[in-house]
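Only one structure is covered here, and it is reproduced in the block below.
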Amino acid sequence: MAEMNDIYEKVMDVARRRGFVWPSSEIYGSVAGFIDYGPLGAMMKRNIENLWRSFYIVQEGYYEIECPIIGPETIFVASGHVKEFADIMIQCPQCGEYLRADHLAAEHGIEGAGALPAEAFREVLYELPCSACGERLGDTDVVSFNLMFETTIGPGSQRRGYLRPETAQGIFTDFPRLLRFYRDKLPFGVVQIGKSYRNEISPRQGMIRLREFSQAEAEIFVHPDEKRHPAFHRYADYKAPLLTIPQQLENKPPLTTTMRAAVDAGLIANEYVAYFIALTHRLLVEIGVDPARLRFRQHLTDERAHYAEDCWDAEVYSGRFGWVEVVGIADRTDYDLQAHARHSGTSMTVFIPYDEVKRVKRRRIVPDMGMLGPKFRGRAKAIAEALVASDPGKEGVTVVVDGEEIFIPADLYQVREEEVEVRGEEVVPHVIEPSYGIDRMLYVVLEHAYAEEMVGDEVRTVLRLPPAVAPVQVAVFPLMNRDGLDVIAQQIAGTLAQHGIIAQYDDSGAIGRRYRRQDEIGTPFAVTVDYDTKEDGTVTIRDRDSMEQVRVSIDALPATVCSLISGTTTFRKLRA
RNA sequence: GCAUCGAUGGUCUAGUGGUAUGACUUUGGCCUUCCAAGCCAAUAGCCCGGGUUCAAUUCCCGGUCGAUGCACCA
């Protein structure tokens, strides 16, 4: 059995025992990379997602959509996932070891081999030694192991489909409808929370690398020339620790600076990216990430996707896993919309009207088809098209059709000078994408919340979860399980439930044991009914972190608990 | 995916070719006027499949999961 030697073991022990996270399909043998959220885990996950919603939907005004998890092959051909989201692997014929073929080639100084056609690639590999057994590889089959789960849609037809590797593609494919929904104006944002799937080769790290995971993604569509955020002032003075590219190269610690300063100094590409770095910092701290163990690391140029203009990861320090990426914030430019426009033939542009209608003089060439047709017959159409794009001189113009130079005299076309009104232009928006890994967020919050402290000579295990994410918000106990105290306590629990508070009644065992049980699952407050309650109608509220108590009247209890949970008041203020 | 090691109630564990020890937890009862107290009782376990054997939790093979190393990680 694993020793309880590190924080991960301790956190996961509590998580398993108390019903946060379990191995999935355990009774039939669990499968790596899949987990079940138990009663408390599901509650906490929902709390995190709802806090996320309060940032993105309530504050930012972005709307949420829900797309299918399974998509037809064409979506992922267009997005590049079919081609790019794969590892190129070979199996050594001698020892049977699976190897990353492109990495093997790179080890021997052959860069970019992964881009070669399969046949050429095999020839490159032919002479190379296997990195496992050292034998010459010889004939191998180059197979590409795609990280997407494949499936078929419908019976018989065997139409190929994939489980989405990110929720983003659904938002991109809905872009024309979303644009209409937002009444054809930029900028606008759309969010989606849901499951995504990646068939990881080796999902070792518990909750950190899952094959099925939850994402919360936002796609903000902006004008490519307008990357100033209209509400940037909200976060302009917000400070966050930034590990920029130069700092990584020079091995320096993060630089804590305001978003305004970071954008002005060119450390962050634009206000949008900076805005979401700051927003993410606030959000992560609010769900319970320790700000001292949070930083934003800029992707190195060779690390970020070729199309991305700038990309930052929110990284949280884990005692077990080191710095863990929990959020990615990228300026994806127009890559995705261009790709879907190209593959689907659907326009992915926004019409941006000019402030004033521009009158533009332009020269239009009108081929005289009555003359061209009889003269050039089959080639007439191609010649006409070439004419339209040409810049004719006085006598005529020479156009090139199918490699042949043809002189067209001026009487075979007209040149018209005309003035047209241009009311605006079609623009493919750029996309700013903050993408959150909910499962990783939940794990790091558990890890940062986990604490052991000595109380007398006993160890107290406590999850210092923020009230907003704690799965149980308040516990209600009768001090004694008699004299009607239990009845009063049950009534109180019912009243709190009516106010939308997740309250747990518990009358089992000594009062101290009940407090400890709630400490371990992070319940921030406990209400205890004692003999004074019968005298004066007051109960105690006990604070999880300080273990101190304060008396309040039963009448004031729901409002008091509500404001404690929402953070409009604190326990400390209540005691004062 | 490869190599090494491991897997016993919910948790931590003792132990064994003849189905298993203790503690904690949980549940019920007694007791108890605020932080895992005490007493009584109960529930509950040898990862899965195959082989060897009269008999396998134990030995062998395969698998699953976990740890570690390698490889991998938009």
Side-chain angles (χ1 to χ4, degrees), chain A residues 1-6 8-10 12-14 16-19 22-34 79-81 84-92 95-100 102-104 107 130-133 145 147-148 165-166 168 196 198-206 208-209 299 303-308 311 313 320-321 324-325 328 330 332 433 435 437 455-462 477-483 485 508-520 526-534 539-540 542-544 546-549 551:
Chain A
M1 257 295 143
E3 284 175 56
M4 301 283 280
N5 51 4
D6 77 5
Y8 175 80
E9 296 293 341
K10 290 178 176 190
M12 292 311 285
D13 178 58
V14 172
R16 266 194 305 272
R17 274 191 297 109
R18 302 306 307 273
W22 293 316
S24 198
S25 64
E26 205 175 2
I27 61 169
Y28 292 110
S30 25
V31 184
F34 295 95
S79 70
H81 284 97
E84 304 292 340
F85 200 60
D87 291 336
I88 307 156
M89 306 197 67
I90 52 163
Q91 189 175 22
C92 171
C95 67
E97 176 79 312
Y98 281 93
L99 306 163
R100 273 292 292 270
D102 49 340
H103 285 240
L104 183 72
E107 277 170 32
C130 167
S131 55
C133 67
F145 178 75
L147 262 10
M148 283 192 295
E166 57 177 11
S196 294
R198 295 175 192 182
N199 200 0
E200 299 287 350
I201 297 169
S202 179
R204 280 271 192 95
Q205 304 149 305
I208 299 298
R209 182 163 298 276
H299 275 204
E303 167 183 20
R304 72 179 179 229
H306 61 90
Y307 51 81
C311 186
D313 287 343
R320 170 57 165 274
F321 302 110
V324 175
E325 170 201 344
R332 295 174 70 129
E433 179 193 77
S435 171
V455 176
D457 49 0
E458 287 274 335
V459 176
R460 181 171 86 116
T461 301
V462 53
F477 309 142
L479 182 60
M480 289 296 136
N481 196 2
R482 64 181 188 212
D483 300 326
L485 297 185
S508 165
I511 188 77
R513 176 182 300 280
R514 284 178 264 161
Y515 285 136
R516 291 295 189 274
R517 274 203 279 259
Q518 296 296 334
D519 289 341
E520 198 180 45
V527 169
T528 301
V529 173
D530 58 17
Y531 285 92
D532 290 354
T533 308
K534 292 176 80 173
V539 293
T540 63
R542 178 260 198 187
D543 173 53
R544 173 195 68 203
S546 63
M547 296 195 287
E548 289 172 352
Q549 291 179 312
R551 288 202 84 88

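Remember, it's a predicted structure, so these values are computed and weren't measured experimentally.
For the pair A:Arg514 CZ and B:U32 P, the computed distance is 15 Å after rounding to whole Å. Rounded to whole Å, atom C1' of B:U68 lies 12 Å from atom CD of A:Glu9. Between A:Met12 atom CE and B:G66 atom C1' the separation is 12 Å, expressed in whole Å. Atoms CD (A:Glu458) and P (B:C24) sit 12 Å apart, rounded to a whole Å. The distance from atom CG of A:Asp13 to atom P of B:U25 is 14 Å, rounded to the nearest whole Å. Regarding A:Asn481, its CG atom lies at a distance of 14 Å from the C1' atom of B:U27, rounded to whole Å. Here B:U11 presents its C1' atom at 15 Å from CH2 of A:Trp22, a figure rounded to the nearest Å.
With distances taken from any side-chain atom of A:Arg516 to the nucleotides B:C35, B:A67, B:U32, the minimum falls on B:C35. Taking only side-chain atoms of A:Asp530, from C-beta outward, the nucleotide of B:A67, B:A36, B:C34 with the closest atom is B:C34.
Contact between the side-chain N/O atoms of A:Arg513 and the OP1/OP2 oxygens of B:U25 is found at a separation under 4.0 Å. Side-chain nitrogen and oxygen atoms of A:Arg517 include none within less than 4.0 Å of the OP1 or OP2 phosphate oxygen of B:U25.
B:C47 and B:G38 have their C1' atoms separated by 38 Å, with the value rounded to a whole Å. For B:G69 and B:U19, the C1' atoms lie 37 Å apart once the distance is rounded to whole Å.
Salt-bridge annotation for A:Glu166 and A:Arg332: present, with a side-chain N of the basic residue lying under 4.0 Å from a carboxylate O of the acidic one. Ion pairing of A:Arg542 with A:Glu548 is absent here, as no side-chain N (NZ or NE/NH1/NH2) approaches a carboxylate O to less than 4.0 Å. Checked for salt-bridge contact, A:Arg516 and A:Glu458 miss the test: no charged N lies under 4.0 Å from a carboxylate O. The pair A:Arg551-A:Asp532 meets the salt-bridge criterion, with a side-chain N (NZ, NE, NH1 or NH2) lying under 4.0 Å from an Asp/Glu carboxylate O.
For B:C35, the base has a donor-acceptor partner in the side chain of A:Arg542 [N/O atoms by modelled type, under 3.5 angstrom].
The partner of B:C2 is B:G69, by the rule that a Watson-Crick or G-U pair needs both atom distances under 3.5 Å.
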